[in-house]
Amino acid sequence: MSVTICQLQQITSLEQFYDEISRQLHLPAHFGRNLDALYDSLSGDVSGPFEIVWRDTELSRSKLGADVYATLLEILQSVAEERGDVTLDIHH
């Protein structure tokens with residue numbers, strides 16, 4: 001089975017994050033573009049295995065704000081820990 005790879009790079013807004021992750025992981029049309037919906041979709045709606053590779057995270061952290069960035073990272077890490085078929089690769 002092939003692994004879907006979602007490449008996030010130079011993310012500077014929450015809308016851009018949602019756009020990229022939706023497009024690359026084919027999130028369902030009912031994805032609500034909020035943090036709860038992100039967790040729900042990644043944990044249950046996306047077929048695995050998949051890998052999320054997030055580059056330029058220092059840029060993202062400064063543009064998104066530390067709190068939003070930390071929450072996104074926490075959601076991604078939770079999904080990766082809960083599912084056995086998701087990996088997370090963070091590049092600072």
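One is the number of the first residue; the rest follow in order along the sequence. Note that these values count all heavy atoms, side chains included, but never hydrogens, waters or copies made by symmetry.
The two residues Leu88 and Gln77 come nearest to each other via the heavy atoms CD2-CG, 3.6 Å. Closest heavy-atom contact between Ile5 and Val53: CG2-CG2, 4.0 Å.
At distances below 3.5 Å, not a single donor-acceptor pair connects side-chain atoms of Glu51 with backbone N or O atoms of Val3. Arg23 places no side-chain N or O within donor-acceptor distance of the main-chain N or O of Tyr18, the cut-off being under 3.5 Å. A donor-acceptor contact shorter than 3.5 Å links the side chain of Ser60 to the backbone of Ile11.
Side-chain contact between Gln24 and Phe50: absent, with no pair of heavy atoms (C-beta onward) separated by less than 4.5 Å. Using a 4.5 Å cut-off on side-chain heavy atoms (C-beta onward), Gln10 and Leu59 make contact.
The pair Arg33-Asp19 counts as a salt bridge, with a side-chain nitrogen and a carboxylate oxygen less than 4.0 angstrom apart.
Counting heavy atoms of neighbouring residues, nucleotides and ligands inside a 6.0 Å radius, atom CD of Glu74 does not exceed 12 of them. For Arg61, the CZ atom sits in a loose shell: 12 or fewer heavy atoms of surrounding residues, nucleotides or ligands are nearer than 6.0 Å.
Using modelled atom types and a 3.5 Å distance limit, the side chains of Glu58 and Tyr69 yield no donor-acceptor pair.
Between Trp54 and Phe17, the ring planes lie tilted relative to each other; the angle falls in the 30° to 60° range.
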